[in-house]
Amino acid sequence: MVLVLVYNHQGEAPAFCFDNLKNGFGLKPKGLETSADVGDKTFVIGGADNDSTSYIGVKIYDKSTGKWVIPTVLGTKPKACKGNSAILLNEDRIMIIIRGSTPDDCIWFLEVDTKYVKEQRKILGTEVVAWSRGVRGDAEKPVVISGPSGVGKGTLINMLMKEFPSMFGFSVSHTTRAPRGNEKNGVHYHFTDRSVMEKDIKDGKFLEFASVHGNLYGTSIEAVEAVADSGKRCILDIDVQGATSVRASSLDAIFIFICPPTMRELEERLRARGTETEEQILKRLRNAEAEIEQGKSSGIFDHILYNDNLEECYENLKKVIELKCHPAPRGIDLPSNHSVSKIDNKILINCETPELEKASKNLIALDVSSLKGGAPGRTRGLNVYALDSFSDGLNEKLS
Ligand SMILES: Nc1nc2c(ncn2[C@@H]2O[C@H](COP(=O)(O)OP(=O)(O)O)[C@@H](O)[C@H]2O)c(=O)[nH]1
Ligand SMILES: Nc1ncnc2c1ncn2[C@@H]1O[C@H](COP(=O)(O)OP(=O)(O)O)[C@@H](O)[C@H]1O
C-alpha cells in the first residue's frame with residue numbers, strides 16, 4: 001500500500017491520501033482524510049464510517065505492527081462532511097473541526113486515550129475511540145438526583161419537566177423490575193430482561209448500573225446521548241451506587257440527594273403511593289436507612305435537599321441547579337474555507353471569506369485550556385474569541 005502524506009494549510013495536521021488502498025478493512029476511502037499521531041498510532045479521521053456512509057469514519061494505523069485496526073466507536077458520531085481538520089490535544093483526544101457544518105455541529109472531540117476510553121477498552125477488549133460533541137462555554141451540567149424510594153424524586157423531576165419542557169430531558173434508564181400500572185416502556189423506563197441487560201452491560205453500553213432492591217437498573221450511554229442530542233439538559237434519577245459511578249466518570253454533573261423529613265413520613269409516602277407490595281415496601285425502607293447514611297456522608301453529593309414541604313423543596317431544587325446562570329450555548333459560525341493551527345492551548349482558525357479574498361482574513365481563536373466533561377457526554381468549556389482582521393496585534397489579543 002502506498003501512503004501519500006498531503007500537507008494542508010500552515011500548521012494543520014497532515015491529510016492522508018490513500019493510493020492503492022485495498023478494501024481489506026471495510027472502509028471506503030473518499031478523498032482526503034485527516035490524521036493525528038498519538039504514540040505509535042496514527043488515527044485517520046474522515047471518509048465513511050464502517051457501518052454507515054452517513055457518518056465520519058475512524059481507522060487506526062499501528063506503526064509498531066504495521067497493521068490497520070478498526071476501533072469500536074462509541075458515542076454519537078459526527079455526520080459525514082466535506083472534510084475536517086484534526087488537532088491533537090493533550091495526547092488523549094483529537095479536536096476535529098468539521099468543514100461546511102452548522103454552527104453548533106462543527107467542533108467535535110475524538111477521545112483516543114482518555115480515562116473513559118481506557119475503561120471501555122478494558123471492558124470491550126478491543127481498540128476503542130469515543131466521540132464527544134464540543135459545546136461552547138459552560139453549557140448546563142446534567143443533573144443527577146438520588147434519594148430513597150418514596151422520598152419524592154419522581155415528583156420533583158416531573159415538576160421540573162412540566163415547568164421547563166424544552167429545557168430538560170429525562171434519561172430513561174433500563175430496569176429488570178416489572179412496570180407499574182401507569183408506567184410506559186421507553187418513557188419511564190426501558191423494561192428489559194436480566195440476560196439482555198447483562199449482555200448490554202458486558203458490551204459496554206452502560207454508563208453505570210447497579211442492583212437496587214433486588215432488580216438491575218442502569219443508565220445506557222444512548223439514554224444520556226439522546227437527551228444531549230435533543231439539545232436538552234439531562235436529568236438522571238439513579239441510586240447512590242449509580243451516582244458514585246457517574247461521579248467517577250467524565251459526565252461532570254450536579255449531584256443532588258433528596259432526604260425525607262423523617263423515616264416515618266417516608267414510610268407513609270411509600271404506602272400512600274400504593275405501587276409496591278408490603279414485602280417490597282419493607283425492603284425499600286430497610287435500604288433507605290443505608291442510602292440516607294451514604295447520601296449524607298459520602299461526599300458525592302453537591303447538595304442535600306430535604307423534601308418536607310414539596311413546593312419549598314422544588315424552589316430549592318431550582319436554585320441549586322443554577323437555572324438562570326448560563327445563557328444558551330451559541331454555536332460557532334465557520335466558513336467552509338479555513339485553515340487551522342495550534343499555539344499552546346489556543347486553536348487558531350483562519351477564515352478566508354471568498355468575496356473579500358485577500359483583503360480580509362478573519363481569525364477565530366478557540367481556547368481549550370478549560371475543557372470539561374467529555375464522552376459519553378458533551379465536551380464543555382470551549383471558549384471562543386472572534387479576532388479582527390489579521391494584524392500584528394494578534395499576540396496581544398490572545399494573551
Ligand atoms: N443506579 C441506577 N439506579 C437507578 C436507575 N434508575 C432508577 N434507579 C434507582 O432505582 C431505585 C428504584 O427505582 P424505582 O423502581 O423507580 O422505585 P422508586 O424509587 O420507589 O420510584 C431508585 O433509587 C432509583 O433512583 C439507573 O439507571 N441506575
Ligand atoms: N413533599 C411531599 N409531601 C408529601 N407527599 C409527597 C411529597 N413529595 C412527594 N410526595 C408523594 O410521595 C410519593 C412518593 O413520591 P415519588 O415521587 O414517587 O418518590 P420517588 O420517585 O423518590 O420514589 C408520591 O405519592 C408523591 O405524591
Side-chain angles (χ1 to χ4, degrees), residues 142-162 170-185 187-192 197 200-201 205-224 226-227 234-249 251 253 255-277 280-292 294-295 300-301 305-317 376:
V143 180
V144 171
I145 297 188
S146 295
S149 179
V151 75
K153 303 178 296 296
T155 308
L156 289 161
I157 292 170
N158 283 342
M159 289 165 84
L160 208 53
M161 306 260 295
K162 208 167 163 192
F170 185 60
S171 157
V172 181
S173 294
H174 282 64
T175 182
T176 59
R177 87 150 160 75
R180 294 172 186 151
N182 62 341
E183 287 179 333
K184 288 197 186 77
N185 192 25
V187 177
H188 299 92
Y189 280 104
H190 296 288
F191 295 100
T192 179
M197 192 162 162
D200 285 348
I201 290 170
K205 293 189 181 163
F206 280 81
L207 172 63
E208 63 77 31
F209 61 91
S211 177
V212 193
H213 315 314
N215 290 301
L216 207 50
Y217 292 81
T219 309
S220 69
I221 293 167
E222 205 180 326
V224 175
V227 177
C234 190
I235 304 183
L236 295 90
D237 173 348
I238 57 176
D239 85 318
V240 178
Q241 306 166 72
T244 311
S245 305
V246 175
R247 187 53 120 177
S249 81
L251 201 66
F255 292 77
I256 299 164
F257 189 80
I258 314 283
C259 265
T262 60
M263 286 304 288
R264 195 193 183 102
E265 172 70 17
L266 184 70
E267 181 169 352
E268 277 171 21
R269 286 184 197 170
L270 255 184
R271 291 191 187 287
R273 190 171 71 183
T275 49
E276 268 72 34
T277 62
Q280 284 165 344
I281 289 174
L282 293 177
K283 189 184 254 183
R284 279 159 190 263
L285 287 172
R286 272 198 307 276
N287 292 342
E289 297 204 21
E291 280 176 282
I292 294 169
Q294 272 182 304
I300 287 167
F301 294 93
L305 302 182
Y306 281 83
N307 183 16
D308 188 355
N309 176 294
L310 183 60
E311 287 306 325
E312 270 175 32
C313 185
Y314 180 56
E315 287 309 312
N316 288 332
L317 176 65

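Note that ligands are numbered from 1 as they come in the structure, with each ligand's atoms numbered from 1 the same way.
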Visitor: Quick one: pull up CG in D239 and OG in S211 and give me the separation to the nearest 0.5 Å.
Guide: 9.0 Å
Visitor: More than 12 heavy atoms of other residues, nucleotides or ligands under 6.0 Å from CZ of F206: yes or no?
Guide: yes
Visitor: Among all protein heavy atoms, pick out the one at the shortest distance from atom 12 (C) of ligand 1; state its residue, atom name and that distance to 0.1 Å.
Guide: Y217 OH, 3.5 Å
Visitor: Please report the interatomic distance CZ(R247) to CD1(I300), rounded to the nearest 0.5 Å.
Guide: 7.5 Å
Visitor: Do V187 and F170 touch side chain to side chain, with heavy atoms closer than 4.5 Å?
Guide: no
Visitor: Please state which protein non-hydrogen atom is closest to atom 16 (O) of ligand 1 and give its distance, to 0.1 Å?
Guide: Y189 OH, 2.5 Å
Visitor: Would you say that P148 contacts N287 through its side chain, given a criterion of any heavy-atom pair below 4.5 Å between the two side chains?
Guide: no
Visitor: Kindly compute the distance separating CD1 (I145) from CZ (F301), expressed to the nearest 0.5 Å.
Guide: 10.5 Å
Visitor: Can you tell me which residue and heavy atom of the protein come closest to atom 21 (O) of ligand 2, and the distance to 0.1 Å?
Guide: G154 N, 2.9 Å
Visitor: Going by distance only, is there an N or O of T155 that falls short of 3.5 Å from an N or O of ligand 2?
Guide: yes
Visitor: Identify the closest protein heavy atom to atom 3 (N) of ligand 2: which residue and atom is it, and at what distance?
Guide: R269 NH2, 3.3 Å
Visitor: Nearest heavy-atom pair of Y217 and V212: which atoms, and what distance?
Guide: CE1-O, 3.4 Å
Visitor: What part of E276 sits under 4.0 Å from ligand 1 if we count only heavy atoms: the side chain, the backbone, both or neither?
Guide: neither
Visitor: Where do D308 and R269 come nearest, in terms of heavy atoms and distance?
Guide: O-NH2, 3.5 Å
Visitor: Could you tell me whether E183 and ligand 1 have an N or O pair separated by under 3.5 Å?
Guide: no
Visitor: Heavy atoms, side chains only, cut-off 4.5 Å: are T175 and F191 in contact?
Guide: yes
Visitor: What's the shortest distance from atom 21 (O) of ligand 1 to any protein heavy atom, and which residue and atom give it?
Guide: R273 NH1, 3.2 Å
Visitor: So for ligand 2, is N307 a polar contact partner (N or O within less than 3.5 Å, distance only)?
Guide: yes
Visitor: What closest approach, in Å, do A243 and V144 show between heavy atoms, and which atom pair accounts for it?
Guide: CB-CG1, 4.1 Å
Visitor: Does any N/O atom on H174 come nearer than 3.5 Å to any N/O atom on ligand 1?
Guide: no
Visitor: Any idea which protein heavy atom is nearest atom 18 (O) of ligand 2, and the distance to it?
Guide: R273 NH1, 2.8 Å
Visitor: At a 4.0 Å threshold, what atoms of ligand 1 neighbour a non-hydrogen atom of A210?
Guide: 1 (N)
Visitor: Can you name the closest pair of heavy atoms from M263 and L285 and give their distance?
Guide: CE-O, 3.9 Å
Visitor: Using a strict 4.0 Å cut-off to heavy atoms of S149, name the atoms of ligand 2 that fall inside it.
Guide: 23 (O)
Visitor: So how far is it from L236 CG to T219 OG1, rounded to the nearest 0.5 Å?
Guide: 5.0 Å
Visitor: State the atoms of ligand 1, each with its element, that fall below the 4.0 Å cut-off from a heavy-atom position in G218.
Guide: 26 (C), 27 (O), 28 (N)
Visitor: In terms of residue, atom name and distance, what is the protein heavy atom nearest to atom 14 (C) of ligand 2?
Guide: G150 O, 3.5 Å
Visitor: Can you tell me the protein heavy atom closest to atom 27 (O) of ligand 1 and the distance?
Guide: S173 OG, 2.6 Å
Visitor: Purely on distance, is any nitrogen or oxygen of D308 under 3.5 Å from one on ligand 2?
Guide: yes
Visitor: Within this structure, what is the CG-OG distance for the pair L270 and S149, rounded to the nearest 0.5 Å?
Guide: 4.5 Å
Visitor: Output yes when the distance from some N or O of ligand 1 to some N or O of Q241 is under 3.5 Å, and no in every other case.
Guide: no
Visitor: Please work out whether any backbone atom (N, CA, C, O) or any side-chain heavy atom from C-beta onward of V212 is under 4.0 Å from ligand 1, and answer side chain, backbone, both or neither.
Guide: side chain
Visitor: Heavy atoms only: which of D239, L236, D237 lies closest to atom 2 (C) of ligand 1?
Guide: D239
Visitor: Closest non-hydrogen protein atom to atom 20 (O) of ligand 1, residue and atom name please, with distance?
Guide: S149 OG, 2.4 Å
Visitor: Below 4.0 angstrom from a heavy atom of G242, which ligand 1 atoms are there? Numbered from 1 as shown, please.
Guide: 1 (N)
Visitor: Yes or no: does P148 have any heavy atom under 4.0 Å from an atom of ligand 2?
Guide: yes
Visitor: Hey, is R180 touching ligand 1 through its side chain, its backbone, both or neither, going by heavy atoms under 4.0 Å?
Guide: side chain
Visitor: First locate atom CZ of R284, then atom NE2 of H213, and finally report the distance between them rounded to the nearest 0.5 Å.
Guide: 4.5 Å
Visitor: Counting non-hydrogen protein atoms only, what is the nearest one to atom 19 (O) of ligand 2? Give residue, atom name and distance.
Guide: G152 N, 3.1 Å
Visitor: Any idea which of E291, R269, R284, Q280 brings a heavy atom closest to atom 17 (O) of ligand 1?
Guide: R284
Visitor: Give a yes/no verdict on whether any heavy atom in K153 is under 4.0 Å from an atom of ligand 1.
Guide: yes
Visitor: Under a 4.5 Å cut-off applied to non-hydrogen side-chain atoms, are S220 and H174 in contact?
Guide: yes
Visitor: Which atom pair, heavy atoms only, marks the closest approach of H188 to K184?
Guide: ND1-N, 2.8 Å
Visitor: If you measure from each heavy atom of A272 to ligand 2, is any distance below 4.0 Å?
Guide: no
Visitor: Decide whether R273 and T275 meet the rule of one side-chain donor and one side-chain acceptor closer than 3.5 Å.
Guide: yes
Visitor: What protein heavy atom is closest to atom 28 (N) of ligand 1, reported as residue, atom name and distance in Å?
Guide: E208 OE2, 2.7 Å
